[in-house]
Amino acid sequence: MNENVPNHVAIIMDGNGRWAQNRGLKRTKGHQKGAEVLKKISEYVYDKKIKVLSVFAFSTENWKRDKEEIDYLMKLFIKAFKGNFNVIKEKGVKVVFSGLKNKLSKKVIDTMDKMQEETKNNKNGIFNICLNYGGQDEIIEATKKISALVKDNKIDVKDIDKELFSKNLFNDLPPIDLLIRTSGEYRISNFMLWQMAYAELYFTDTLWPDFNEEEFDKALDAFNKRERRFGGVKK
Ligand code: IPE
Ligand code: IPE
Ligand code: MG
């Protein structure tokens, strides 16, 4: 079979809380297990010739949760950014973050900056971590930047096209080819709206802490069977 590998895979890692609750554990235990799964998956994808992996770590809507859960997640991010991704750094993958810096503590921002700085010249792939991220915010922020360019006469209104718009997003990433969402929820939850325009969507009932390499391969197999037409007609 002709192996059609997606260039950019995005994952909405959902179901940590339910995984823990099903076991009579605190929701935070689900996040802990979820972080281990992310480590494994991030080490796996780049060997599959996938170039870009985007993951949804924390949404702008997630601030609605209890303080205890949010505090736990922030500590988990710091810990993970300090150690969990050494293998992908060694593989030459560049780490970038998407999201707003507001509301994040200095400690979280410092570990994010350090990771970006250490990997900025890496060329073998991109790992895009969406943290305090909302797709609509990303589009609004880009619009503000572009408006300022027009106002300062740096560009003309007629220069605004998809390419320029993409360059003004949090990161200039290629379009998403395959979106995976775990935990049986069939929605996008404000994730990467611009980049998602022609993504193939794959939903699985598996909760994120139970996700693994085999589950990832199932998503790739499903992607392989899709016929992408981009508005054209089957040949
Ligand atoms: C996803 O799992 C992780 C984050 C949103 C940080 P959830 O915490 O949303 O788990 P469920 O959906 O409540 O099971
Ligand atoms: C989306 O999951 C955000 C992350 C995975 C970080 P949520 O669990 O927050 O989304 P909803 O509330 O089900 O839409
Ligand atoms: Mg959820």
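Start at 1 and go down the list; that is how both ligands and their atoms are numbered. For reference, positions follow the sequence shown, starting with 1.
- The residues Asp113 and Lys101 are annotated as salt-bridged, a charged nitrogen and a carboxylate oxygen being separated by less than 4.0 angstrom.
- At a 3.5 angstrom cut-off on N or O pairs, Trp19 does not count as close to ligand 1.
- Below 3.5 Å of separation, one finds no N or O of Ser59 facing any N or O of ligand 2.
- Using a 30° and 60° split on the angle between ring planes, Phe211 and Phe216 fall in the perpendicular class, above 60°.
- Remark: distances from the non-hydrogen atoms of Gly15 to ligand 1 include one below 4.0 Å.
- Salt bridge present: Lys120 and Glu117 bring a charged side-chain N and a carboxylate O closer than 4.0 Å.
- Summarising the geometry, atom CD1 belonging to Ile78 is positioned 10.5 Å from atom CD1 belonging to Ile109; distances are rounded to the nearest 0.5 Å.
- Heavy atoms of Phe58 found under 4.0 angstrom from ligand 2 belong exclusively to the backbone.
- A distance of 6.5 Å separates OG1 in Thr60 from CG in Asn132, rounded to the nearest 0.5 Å.
- Which of Glu185, Lys64, Arg181 comes nearest to atom 10 (O) of ligand 2 through a heavy atom is settled by distance: it is Arg181.
- Closest N/O/S atom of Asp14 to the Mg ion (ligand 3): OD1.
- Using 4.0 Å as the threshold, Ala57 has a heavy atom nearer than that to some atom of ligand 1.
- Not a single heavy atom of Glu61 sits less than 4.0 Å from an atom of ligand 2.
- Considering backbone and side-chain atoms alike, Arg65 places an N or O below 3.5 Å from some N or O of ligand 1.
- Ring geometry for Phe191 versus Phe56: interplanar angle under 30°, hence parallel rather than tilted (30 to 60°).
- Proximity of the aromatic rings of Phe97 and Phe77 is defined here by a centroid distance below 6.0 angstrom, and this criterion is not met.
- For ligand 1, the polar-atom distance check against Gly17 finds a nitrogen or oxygen pair separated by under 3.5 Å.
- Set against the non-hydrogen atoms of Arg18, the atoms of ligand 1 under 4.0 Å away are 11 (P), 12 (O), 14 (O).
- In this structure, atom 12 (O) of ligand 2 is not in close contact with the protein, since no protein heavy atom lies within 4.0 Å of it.
- Heavy-atom contacts of Arg187 reach the following atoms of ligand 2: 11 (P), 13 (O), 14 (O) (cutoff under 4.0 Å).
- Of all the heavy atoms of Gln21, none lies under 4.0 Å from any atom of ligand 1, so neither backbone nor side chain is involved.
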